[in-house]
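Structure first, commentary second.
Residue numbers start at 1 and run along the sequence shown.
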Amino acid sequence: MATYASERLNLRTTPHTKAVIEKASAISGVSMSNFVIQTAYQHAVELLNDTQRLKDSEVLDTDTNLLLTDLLDSLPKASSYSDDVVSIQRAMRDEW
């Protein structure tokens, strides 16, 4: 099924920008409208893909953080013996 362009974009620009786009579209062999639409569309798709990749990497980081948190939570808790050793070390430091 063919898709027909039915939406409009109304744009204003500077004379310099228009001249650059005219030159680039002539080199490309397409109309200015097609050049602008194709270029904007390609850039939009790249931006959306990059954004999705960034979100996907954040998910991986979140998963990694959850895994590390679970691992740390599963470590044995410090015993009162450890607390006693720390108290003795502090006392010894205070005496010196």
Ser25 and Ser31: which non-hydrogen atoms are nearest, and at how many Å? CB-O, 3.9 Å

So Leu9 and Ile37, do their side chains get closer than 4.5 Å, heavy atoms only? yes

For a 4.5 angstrom cut-off between non-hydrogen side-chain atoms, does Gln52 reach Asp50? no

List, by chain and then residue number, the residues other than Val45 in its hydrophobic cluster (Ile/Leu/Val/Met/Phe/Trp/Tyr, side-chain heavy atoms under 4.5 Å); write none if there are no others. Tyr41

For residues 11-24, which residue pairs pass the side chain to side chain donor-acceptor pair (under 3.5 Å) check, not counting sequence neighbours? Thr14-Thr17

Take Gln38 and Val36, measure what side chain to side chain contact (heavy atoms under 4.5 Å, CB included) needs, and give me the verdict at the end. CA-CA 6 Å; Gln38 288 172 358; Val36 169; over 6 Å; no

Ser28: partners by side-chain contact (heavy atoms from CB on, under 4.5 Å), with sequence neighbours left out: Val30, Phe35

